[in-house]
Amino acid sequence: NELLKSVSTNAFRGRYISSIHRTELATMMSLIGLASLVVQLQVVTAVGITSVLQDVCSQKISLKTKDGKCMQWDLSTLPKRTFIINDTYPEPYLITAPPCYTADTSSCPACKGAGPAIAFQLEPSLGCGGTRCLSLGDLSKMSAVPSNADISGNNGVDVTFSGGSGGRVFTHHIQCSSSPTTLPKLVTENPPETYHVTWSSPAGCAKELPVSECSDVPPAPPPPNPDGHWVPLGEMAKPTAAQLQWMTDEIGAIGHFNMGTFEGCGIGTSEYLEGSGPEREQIGLPPPATFAPLTVDADGWVQALASFGVKRAVLVVSHGCGFNTFPSRTAFPEFGFEYNYSIKHSPWKNGTGDIARDFVTACAKYGIRPGFYHGAMNNAFLNVRSGKVASSWIPGQAVITQDQYTKVLLANLRQLWTDYGPLAEVWFDGGYPPGTQDLIASLLAELQPEAVAFQGPGSNVIRWAGTEGGHVAEPFWSAATSSLSAGKGDFYGSAWSPAEADTCFQGGAVTQDTSGHLQAPYGGCWFYNAGMHPKSLTELVSSFHDTIGHNAFWLLDWTPTQNGTLRPDHVQRYSELGAWLAECYGASVVSQEDVVVPGNNTVLRLDVPAGKTVDRISLRENQTLGQRIYGFTVGSVGTPPLVEESIGNRFIGLLPASVTGPATVVVNITRTAGPTRIASAALYNCSRTPTPTGCALVQNFAYKIVPSITIASKDVADVAACCALCHSAAACAVFVFETGHCTTMSANQGGVHIAGAISGTPN
């Protein structure tokens with residue numbers, strides 16, 4: 001009984017049953033008289049048992065026929081196993097039933113190491129004992145049509161998989177029959193490298209559905225995890241309450257007001273760690289007196305952020321220079337160290353100021369949850385680069401060891417996470433130094449257990465979206481390998497680590513003085529740049545849709561001037577953005593909330609009232625149990641459907657054409673890993689958002705080229721071609737065009753004046 005329970009559980013959770021268990025189970029079943037089940041098991045054992053899916057793949061295919069009817073085929077009665085059949089040569093084939101399963105190769109030595117496929121061609125006579133194992137079709141490249149282009153769909157359905165080895169294609173012809181399913185008897189090849197098998201089964205008999213429930217496009221199969229198998233539902237990543245709340249807040253801001261606002265700094269090399277400036281052989285550490293704002297209007301900052309709906313704001317209190325805009329108390333007399341590179345040692349308020357305190361107070365006034373960025377990987381004052389203390393020093397730097405740096409870092413974080421109340425978010429830009437993960441995670445759990453940690457340790461982690469361009473890749477998933485992963489994530493990722501998409505607010509041409517130097521103070525867009533303009537409203541709206549609308553958190557920056565205030569045109573653009581968002585998404589035309597999704601092909605109808613017009617849809621998935629939906633369509637009569645994969649926290653999709661009521665917009669959840677809920681589905685009318693084009697250019701300026709963030713580097717004809725190259729990669733945030741060569745990058749780390757160079761950002 002225990003063995004039976006174990007084997008049954010593993011089989012129906014999508015795992016393989018070992019050969020030992022198969023033998024033991026067959027023996028036990030024969031002893032208790034379950035002969036029919038033993039025979040069935042022995043047939044399967046000849047090749048191996050296919051992974052069985054639980055609530056992972058829909059076996060129902062719905063298609064429109066030529067006469068406009070919606071017909072559905074339920075293929076769930078086809079045998080869920082891998083079997084061997086021959087062609088006329090004879091050549092043996094490993095084949096599994098469509099549409100949800102890949103052929104099991106675990107008992108076929110010829111296919112050891114082969115990737116997943118729906119069928120394989122083996123070597124004549126030798127079969128699994130030979131060396132040939134040709135993939136005949138990719139599960140992710142499926143299409144389906146009614147058999148023989150039948151008008152009614154009663155003749156069956158043809159399910160085709162392309163993408164096999166050398167372009168091979170495999171088609172299952174499933175014919176309608178009232179008799180029990182008959183297995184295919186022969187593989188035919190016509191034309192060459194196009195293979196066919198024919199089933200006779202009740203599964204080939206369609207039933208008619210309402211037209212509104214039928215998509216013109218079959219649902220996409222699930223994305224495979226790295227080893228090509230399926231992750232059981234109970235093992236998929238799930239969020240914490242803090243991560244869910246962070247995702248729901250969806251709009252945030254990050255502010256850079258630090259030493260880099262006044263002067264760049266480094267550690268004696270040609271590379272700036274914060275801000276940027278003129279090319280020079282040695283980059284020094286500006287003295288604390290360099291940080292000298294005339295006023296610091298933190299209230300004005302936060303008021304501007306509130307104007308466009310920010311729920312969380314992160315202030316950079318210690319960046320690459322290591323200058324702290326909070327009065328650090330960190331000191332270690334035992335090794336002669338005092339953290340004397342902070343606002344206590346600057347002219348601001350004669351050393352009595354605390355910008356972190358002013359910021360937190362303003363956040364409380366405007367109902368925004370505060371957070372702090374404290375760099376851990378780079379600190380010019382402490383001579384730290386990429387988490388490690390360097391072995392040579394320049395004037396002004398503290399002389400400490402690696403172990404002492406760990407103590408200093410933890411002391412700074414303890415003060416920061418203790419003195420300012422509950423924090424919504426803490427930033428570890430680039431991660432944390434080697435050997436500190438457990439120490440920092442423990443401190444975070446002790447002092448700020450509800451804060452999410454960007455690229456940090458602990459349980460409430462979030463990852464980088466992989467680009468600073470403000471436009472993320474699709475599909476975009478909530479899970480990933482870890483908080484240090486970047487990019488679109490992994491539907492089967494072991495860590496719930498949703499992504500934050502940070503992007504600059506500034507862009508465009510930089511003003512230069514008569515000598516050709518920048519009137520910045522320095523290049524780049526994260527710190528205030530006097531010559532840069534706010535991005536256009538069209539570009540900001542596009543970024544909103546391509547981050548929040550693609551299941552990412554949007555983190556737009558703010559950049560106070562050297563006076564400590566926001567420039568009036570910045571404040572105005574934030575206000576314009578808020579007004580547009582309120583006008584567009586303030587009230588929906590029609591909506592539904594908390595819709596149960598019991599499984600695949602769950603249909604939701606949104607009825608547009610007479611005289612009302614809609615042009616976009618917003619969907620939110622209830623992710624309490626994880627992100628489960630990985631395929632859906634949105635459509636209405638007379639328009640092609642949107643065919644998408646990820647909803648997550650939010651999906652925003654522009655309909656192919658505006659829809660005017662009375663009409664119905666149909667959402668079909670074609671693929672879900674298990675039962676879930678749609679938190680909300682809503683239609684809006686925003687008068688068709690224009691799509692921004694082209695690039696904003698900066699003359700005689702080059703962003704610093706960093707290999708780790710470089711996407712492409714190639715010769716191009718002109719700056720327009722360089723702009724187009726950047727547009728071709730979703731992750732591209734900036735580019736540099738110089739002497740016929742174009743470099744595109746996913747982020748920017750400042751830059752320098754170079755005559756003739758042109759840098760830009762894609763609109």
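All figures in this text were calculated on a predicted structure; none of them were measured in a lab.
- For the residue pair Glu450/Trp246, the side-chain donor-acceptor check at 3.5 Å is not satisfied.
- Of the residues listed (Gln243, Glu621, Gln623), the one engaging Ser478 in a side-chain hydrogen bond (donor to acceptor under 3.5 Å, both in side chains) is Gln623, and it is the only one.
- Distance check for Cys695 and Cys723: the SG atoms are under the 2.5 Å cut-off.
- Using a 4.5 Å heavy-atom threshold, the side chains of Tyr574 and Pro534 count as separate.
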Are Glu250 and Lys311 close enough, and set up right, to give a salt bridge (Lys or Arg N to Asp or Glu O under 4.0 Å), and what steps lead you there?
CA-CA 8 Å; Glu250 74 184 11; Lys311 301 294 192 301; over 6 Å; no
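- Phe476 carries Arg463 over the face of its six-membered ring, with the cationic atom under 6.0 Å from the centre and within 45° of the normal.
- Ring geometry for Trp554 against Phe308 counts as perpendicular: the plane angle is over 60°, on a 0 to 90° scale with 30° as the lower cut.
- No side-chain donor from either of Glu468 and Ser746 sits under 3.5 Å from a side-chain acceptor of the other.
- Within the 4.5 Å cutoff, the side chain of Asn529 has no heavy atoms near those of the Thr559 side chain.
- Remark: Lys365 pairs with Asp299 by the salt bridge (charged side-chain N to carboxylate O under 4.0 Å, His left out) rule, at least two apart or across chains.
- For the side-chain contact (heavy atoms from CB on, under 4.5 Å) criterion with Thr633, the lone passing option out of Val603, Val667, Val643, Leu642 is Val643.
- Side-chain N/O atoms of Thr240 and Asn460 include a donor and acceptor closer than 3.5 Å.
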